[in-house]
A.B. asks: 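Can you read through this structure? Questions will come right after.
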There are 2 protein chains.
Amino acid sequence: MSAEAVAPLPKYYVLKTDLVELIANLAPGTLIPTERALADRYGTSRTTVRQAISELVAEGRLGRIQGHGTFVAPPKLTHVRQLTSFSEDVRAQGLRPAAKTLALSTVPADNEVAEKLTVPPGTPVHRLERIRLVEDEPLAHEVAHLRGRLPGFKAKLEKAGSLYTALKEGYGIRLLDVEDTVETALAGPEEVRLLGVEMGSPLLVVHRLVRDAEGIPVEWTSSVFRGDRFRFVARIKADG
Amino acid sequence: MSAEAVAPLPKYYVLKTDLVELIANLAPGTLIPTERALADRYGTSRTTVRQAISELVAEGRLGRIQGHGTFVAPPKLTHVRQLTSFSEDVRAQGLRPAAKTLALSTVPADNEVAEKLTVPPGTPVHRLERIRLVEDEPLAHEVAHLRGRLPGFKAKLEKAGSLYTALKEGYGIRLLDVEDTVETALAGPEEVRLLGVEMGSPLLVVHRLVRDAEGIPVEWTSSVFRGDRFRFVARIKADG
DNA sequence: CAACCCGATTGGTCTATGCCAATCTAGGAC
DNA sequence: GTCCTAGATTGGCATAGACCAATCGGGTTG
């Protein structure tokens, strides 16, 4: 129709679009043809097939396992971030949450933690490192830093099961507000190891600052979520 | 030290790590060596160099322009999402915001819009499509759908300059709360065209549902932000 | 029967190379 | 001087093939 020269779409993008159609009606977990088979069928190189598949993996639509194959990924979860706990959010969706504590100790605050918690660098703070699981699948890596002296914190945390419950019922700390920042990143070796994602897959990096009823920062947490399995929701109320 | 066999890091990842160090002390905009030069220097193929650079581009640390070169990317912006407007947020950072209206019309609600705005499919709704700019650079593509009859909307919007101001001062609509969802995606041809990003670069897709004082949904907006230029912040107040 | 091993299959990394497309620069035409 | 063109340079796309690593299935071995 138009006389204008239209830039032809790259082959890998055409293939990607075709794959999206193909998997639209397939159940999660279904294997798609192998890379070599697709390369044959489309008369293209495996490199080109891999570029198309890689983007779909990055978008969370496909997954792949070396030696096994490439399959349709399960749909994204929705994570409602209110002043509730991760566990509650997940349970509200009918799923089974869990947390594995990797480390719990008292450490001197580094410069970043000190700034966020408004304490002098070197001040002892509690450090809690955990893996968040849903249906036994590791979905997030979280490192929390807590300000102040919290005697018997370990026992209280285990008893309460939830960080926020422990703070509230163990120490009477009431929370005023939460500030979350959300940004994208790509997985490196640490995330590959901890979350079982593949190199270069997208992540959501969340930094959370929690203030108590007096407006004093009490918690500074850095979390890395699998970007292909999560969607964040924030509900924000009007001021008046 | 350990007798355990350590999986050797892929070459492209080593190169990526080296590049992160290299650019740490370089000013934004500085050109890094060309792909061919890096391939020579590291005794590797250009394909491997491109894999390393591609991930850094996806993370927003590098940018590249065909025929020109690969350069250090500017730092991310921070976008505070409260019940304020995009414009106010950007101005608060000392930057110059702008919006370019691509389309403003009344259209029948499709299934998704109808569901979100709780109206029957086909109901006339206002559709506003805009490009958000900061310092003349397009950073987001936004399609808003507004429920209800809004006589003279176009004129009021132009007069107010801001969507929220227009709703409030033009029609007395007070807003109760906002619900944002944030997820990741990769750029396709439309984003390449509208935002000037490259194919496959990461995006933040935000869906926003705004309710009025009675809790009735009044706005359903779909936004696509450049993932390499934005960081979201949500402040959430405790309920009581 | 269970445990083991081996080979086929599949994705992961990498090479070497070619050509296309966008950009920039140096020279020449006017 | 301005404009234009022709190369050189740079990133973008794609090929064909090699070898590695993880997985899985079937057959052998105890």
Side-chain angles (χ1 to χ4, degrees), chain A residues 4-17 19 29-58 61-73 186-189 191-193 196-201, chain B residues 4-17 19 29-58 62-73 186-189 192-193 196-201:
Chain A
E4 196 174 337
V6 173
L9 288 177
K11 274 194 188 182
Y12 80 86
Y13 195 79
V14 173
L15 207 164
K16 183 182 170 186
T17 309
L19 288 176
T30 308
L31 289 174
I32 68 168
T34 67
E35 296 176 354
R36 287 164 178 88
L38 286 170
D40 270 2
R41 184 182 307 177
Y42 280 83
T44 180
S45 72
R46 212 183 128 208
T47 311
T48 303
V49 173
R50 278 184 64 78
Q51 185 170 0
I53 290 181
S54 294
E55 294 199 358
L56 291 170
V57 170
R61 303 211 226 205
L62 290 177
R64 47 187 174 188
I65 299 174
Q66 185 176 150
H68 181 63
T70 305
F71 55 89
V72 180
L186 295 182
E191 287 78 27
V192 169
R193 184 170 56 82
V197 297
E198 65 178 51
M199 295 279 288
S201 70
Chain B
E4 198 174 335
V6 174
L9 289 177
K11 274 194 189 182
Y12 80 86
Y13 194 79
V14 173
L15 207 170
K16 183 183 170 186
T17 309
L19 287 176
T30 308
L31 290 174
I32 69 169
T34 68
E35 296 177 352
R36 287 166 177 88
L38 286 170
D40 270 1
R41 183 183 307 177
Y42 281 82
T44 181
S45 73
R46 210 183 130 209
T47 311
T48 302
V49 172
R50 279 183 65 77
Q51 185 171 359
I53 291 180
S54 293
E55 293 199 358
L56 291 170
V57 169
L62 290 177
R64 48 186 174 189
I65 299 173
Q66 185 176 148
H68 181 63
T70 304
F71 54 89
V72 180
L186 295 183
V192 169
R193 184 170 55 84
V197 297
E198 66 179 50
M199 295 278 287
S201 70

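Just so it is clear: chains get the letters A, B, ... in the order the sequence lines come, proteins before strands, and each one is counted from 1. Quick note: numbers below take in every heavy atom, side chains included, and nothing from hydrogens, waters or symmetry partners.
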A.B. asks: What is the minimum heavy-atom distance between A187(B) and V197(B), and which atoms define it?
C.D. replies: CB-CG2, 3.6 Å
A.B. asks: Between atom CZ in R46(B) and atom P in dG18(C), what is the gap in whole Å?
C.D. replies: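 Taking CZ of R46(B) and P of dG18(C), I get 13 Å after rounding.
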A.B. asks: Under 4.0 Å: is that the gap between some side-chain N or O of T34(B) and OP1 or OP2 of dT9(D)?
C.D. replies: no
A.B. asks: May I ask you to evaluate whether R50(A) reaches the phosphate of dG12(C), defined as a side-chain N or O under 4.0 Å from OP1 or OP2?
C.D. replies: yes
A.B. asks: How close or far is atom P of dA21(D) from atom CG of L9(B), stated in whole angstroms?
C.D. replies: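 Rounded to whole Å, this separation is 14 Å.
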A.B. asks: Whole angstrom is fine here: how far is it from CG in L31(A) over to P in dT10(C)?
C.D. replies: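 Atom-to-atom, L31(A) to dT10(C), this comes out as 10 Å.
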A.B. asks: Given atom CG of D40(B) and atom P of dT10(D), what is their separation to the nearest angstrom?
C.D. replies: 11 Å
A.B. asks: By the 4.0 Å heavy-atom rule, please label G43(A) as base, sugar-phosphate, or nothing.
C.D. replies: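 Contact class for G43(A): sugar-phosphate only.
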A.B. asks: Would one find a side-chain N or O of H68(A) under 4.0 angstrom from OP1 or OP2 of dC24(D)?
C.D. replies: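 Yes, because at least one side-chain N or O of H68(A) sits under 4.0 Å from OP1 or OP2 of dC24(D).
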A.B. asks: Considering all heavy atoms of both residues, which atom of G43(A) and which atom of K11(A) are nearest to each other, and what is their separation?
C.D. replies: O-NZ, 4.1 Å
A.B. asks: Between T47(A) and Q66(A), who's closer to the 5' end of DNA chain C by nearest nucleotide?
C.D. replies: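 Per heavy-atom nearest nucleotide, the more 5' residue is Q66(A).
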A.B. asks: Can you confirm whether E198(A) sits close enough to Q66(A) that some side-chain heavy atom of one is under 4.5 Å from a side-chain heavy atom of the other?
C.D. replies: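 They are not in contact (no side-chain heavy atoms under 4.5 Å apart), so the answer is no.
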A.B. asks: When you check the phosphate oxygens OP1 and OP2 of dT9(D), does a side-chain N or O of R36(B) lie under 4.0 Å from one of them?
C.D. replies: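 No, no such contact exists.
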A.B. asks: Within the 4.0 Å heavy-atom criterion, would you say I53(A) contacts the bases, only the backbone, or no part of the nucleic acid?
C.D. replies: nothing
A.B. asks: Check whether any side-chain N or O of T70(A) sits under 4.0 Å from OP1 or OP2 of dG11(C), and answer yes or no.
C.D. replies: yes
A.B. asks: Return the value, rounded to whole Å, for the distance between atom CG of L38(A) and atom P of dT10(C).
C.D. replies: 11 Å
A.B. asks: Going by distance alone, is a donor N or O of one side chain under 3.5 Å from an acceptor N or O of the other, for R50(A) and T70(A)?
C.D. replies: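 Checked: R50(A)/T70(A) side chains show no N/O donor-acceptor pair below 3.5 Å.
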A.B. asks: Would you mind reading off the distance between Y12(A) atom OH and dC13(D) atom P, rounded to a whole angstrom?
C.D. replies: 5 Å
A.B. asks: Would you say dG17(D) has OP1 or OP2 under 4.0 Å from some side-chain N or O of S45(A)?
C.D. replies: no
A.B. asks: Let me spell it out: for each of I65(A) and I65(B), pick the nucleotide of DNA chain D with the closest heavy atom. Which residue's pick is nearer the 5' end?
C.D. replies: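 Nearest nucleotide further toward 5': that of I65(B).
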A.B. asks: If you look at every heavy atom in L15(A) and T44(A), which pair is closest and at what distance?
C.D. replies: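 Reported closest heavy-atom pair: CD1-CG2, 4.3 Å.
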A.B. asks: Rounded to the nearest Å, what distance is computed from the NZ atom of residue K11(B) to the P atom of nucleotide dG12(C)?
C.D. replies: 19 Å
A.B. asks: Taking CE from M199(B) and C1' from dA21(C), how many angstroms apart are they, rounded to a whole number?
C.D. replies: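 Distance check: M199(B) CE to dA21(C) C1' gives 15 Å.
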